Amino acid sequence: MTVGDIIGGGFRLLRERIGAVLVWAVLYLGMNGILALTMRPLVHDMVALQRGTGSSVAPTALPGVMSQLSVLNLGMLLLVIVLYAAGLRAAVRPQESRFAFLRLGFDELRLLGVGAVLAILFTVAWLTVLMIATFLIALLSVASPIAGVLLAIPVVITVVALSVYLQVRMSLIFPLTMLRRRIALGEGWALSKGHFWTLFGAYFVIALIVMVAFTAVSSVTLAPYFADLANGHFSREALQLAQQHQLERQFGTIDARTILGWLLAAAAGAFWIALGAGALGTAAMGLLHAEFDDIGSIYE
């Protein structure tokens, strides 16, 4: 299993399951459209308040508006989980291709549970290291402020490295949970052992590819925003004005640029899901097969 194999698996899913990816993009587009249309009245009033022209929303109605936005954000999160589960299903259980691999059941619930558990474990580990490091830096700074500053540099590097290491080592838990139809915390951790640099290299390249894709989308949707900043010489007033104009463009009148932005964002989102899930699934399946081959070679 090489870096190229993992990246190629992501693009293979994108190429071979293009019909399903297009369905994911349409769902992503629909949810983005609903979110944008729902937020239009609130954004309109926010801009009106900033300009001092008044708002049509009474202060007592704001909690209700915020509740609606919270429900929509939860719906967006649920959609992302469903779409990501569909991507993993396409990668590790390709025979279940009905409905563009989309489901809403125990697989999605397990992935949500795995994400919550890993987030808690990761946060606890990160905070523990951070508290110990902060204590040591503070203790050393009492004796020598310069020594405390010098110690802070390797501490920050260590914390970042630990974060990356844990994320890479835990990454295969998700595709294995989808494959086994049960939470596979231990198996996912064990399977990634000895393959950190291969996985890290693949994920790093994929992250760069996805970043380029979203940057290309932003260059189209945010071009007027940066133009406003440049015309105002990047001053604080120009920043506020550019933000107001961007909100108006994004949640105001629906024109060709708005629709184009929605389409590009949906395409980029579906691309990210297919590439990421395909790479994770390829890595998990490839390493599992490699383990079986190693075991089989013993009895040859």
Side-chain angles (χ1 to χ4, degrees), residues 6-36 38 70-122 167 170-189 191-192 202-203 206 210 213 262-263 265-289:
I6 296 173
I7 298 172
F11 280 103
R12 184 168 58 252
L13 188 148
L14 186 66
R15 182 178 64 254
E16 296 179 356
R17 305 295 179 180
I18 187 63
V21 175
L22 290 176
V23 172
W24 304 344
V26 169
L27 291 175
Y28 200 102
L29 173 65
M31 192 63 193
N32 268 341
I34 292 173
L35 186 63
T38 305
S70 297
V71 172
L72 284 172
N73 286 327
L74 286 175
M76 193 67 181
L77 175 62
L78 177 61
L79 176 64
V80 171
I81 292 172
V82 170
L83 292 179
Y84 199 70
L88 289 176
R89 188 176 290 110
V92 301
R93 283 156 40 189
Q95 70 278 8
E96 301 178 12
S97 59
R98 290 183 306 161
F99 310 114
F101 298 96
L102 294 165
R103 309 286 190 277
L104 182 58
F106 287 110
D107 285 334
E108 288 70 23
L109 186 60
R110 278 189 289 266
L111 290 178
L112 178 61
V114 167
V117 170
L118 293 183
I120 293 172
L121 293 176
F122 178 80
Q167 291 181 61
M170 295 186 298
S171 62
L172 299 183
I173 294 173
F174 291 96
L176 287 176
T177 295
M178 176 61 71
L179 177 66
R180 304 301 191 197
R181 302 177 193 269
R182 58 176 174 79
I183 294 177
L185 292 176
E187 185 181 7
W189 180 266
L191 187 62
S192 64
Y203 299 161
I206 288 173
V210 172
W262 289 357
L263 290 172
F271 173 76
W272 161 68
I273 289 171
L275 188 61
L280 278 178
T282 299
M285 299 300 289
L287 292 176
L288 280 175
H289 291 159

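For clarity, every value in this text was computed on a predicted model and none was experimentally measured.
Of all non-hydrogen atoms in Leu172 and Ala284, the two that sit nearest each other are CD2-N, 4.0 Å. Closest approach of Leu102 to Ala86, counting heavy atoms only: CD2-CB, 3.8 Å. Residues Gly278 and Ala91 approach most closely at CA-CB, 4.2 Å, considering heavy atoms. The minimum heavy-atom distance between Ala274 and Val21, with the atom names listed, is CB-CG2, 3.8 Å. Here the closest non-hydrogen pair linking Ile183 and Arg110 is N-CD, 4.0 Å.
Atoms CD1 and CH2, on Ile173 and Trp189 in that order, are 8.0 Å from each other to the nearest 0.5 Å. Once rounded to the nearest 0.5 Å, the distance linking CZ of Phe122 with CE of Met170 reads 6.5 Å. We find the NE2-CG distance between His289 and Leu287 to be 10.5 Å, quoted to the nearest 0.5 Å. Atom CG in Leu22 sits 11.0 Å away from atom CG in Leu27 (nearest 0.5 Å). If you take CE on Met285 and CD1 on Ile6, they are separated by 13.5 Å, rounding to the nearest 0.5 Å. Between the CZ atom in Arg89 and the CG atom in Leu111 there is a gap of 8.0 Å [rounded to 0.5 Å].
Here the rule is side chain to side chain contact (heavy atoms under 4.5 Å, CB included) with Met31, and of Val80, Leu79, Leu83 only Leu79 fits it.
A salt bridge is absent between Arg103 and Glu108; no separation between the charged side-chain nitrogens and carboxylate oxygens falls under 4.0 Å. Ion pairing of Arg17 with Glu96 is absent here, as no side-chain N (NZ or NE/NH1/NH2) approaches a carboxylate O to less than 4.0 Å. Ion pairing between a basic and an acidic side chain is recognised when a charged N comes within 4.0 Å of a carboxylate O; Asp107 and Arg182 show no such pairing.
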side-chain contact (heavy atoms from CB on, under 4.5 Å) between Leu185 and Leu118: does it pass, once the steps are laid out?
-> CA-CA 9 Å; Leu185 292 176; Leu118 293 183; 3.9 Å; yes

Using the side-chain contact (heavy atoms from CB on, under 4.5 Å) rule, take Glu187 and Thr177 through it: C-alpha gap first, then chi angles, then the decisive distance, then the call.
-> CA-CA 9 Å; Glu187 185 181 7; Thr177 295; over 6 Å; no

Applying side-chain contact (heavy atoms from CB on, under 4.5 Å), run through Met178 and Tyr84 and close with a yes or a no.
-> CA-CA 11 Å; Met178 176 61 71; Tyr84 199 70; over 6 Å; no

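Considering only heavy atoms from C-beta on, Tyr203 comes within 4.5 Å of Leu280 through its side chain. In this structure the side chain of Arg181 reaches within 4.5 angstrom of the side chain of Arg93, judged on heavy atoms. Leu13 places none of its side-chain heavy atoms less than 4.5 Å from the side chain of Thr282. No side-chain heavy atom of Glu16 sits less than 4.5 Å from a side-chain heavy atom of Phe11. Phe99 is not listed as a side-chain neighbour of Val23, based on a closest heavy-atom distance of 4.5 Å or more. For the pair Leu112 and Leu78, the minimum side-chain heavy-atom distance is 4.5 Å or more. Side chains of Leu176 and Leu179 form a contact here, defined as non-hydrogen atoms less than 4.5 Å apart.
Looking only at distances, a side-chain donor or acceptor of Trp24 sits under 3.5 Å from a matching main-chain atom of Ala100.
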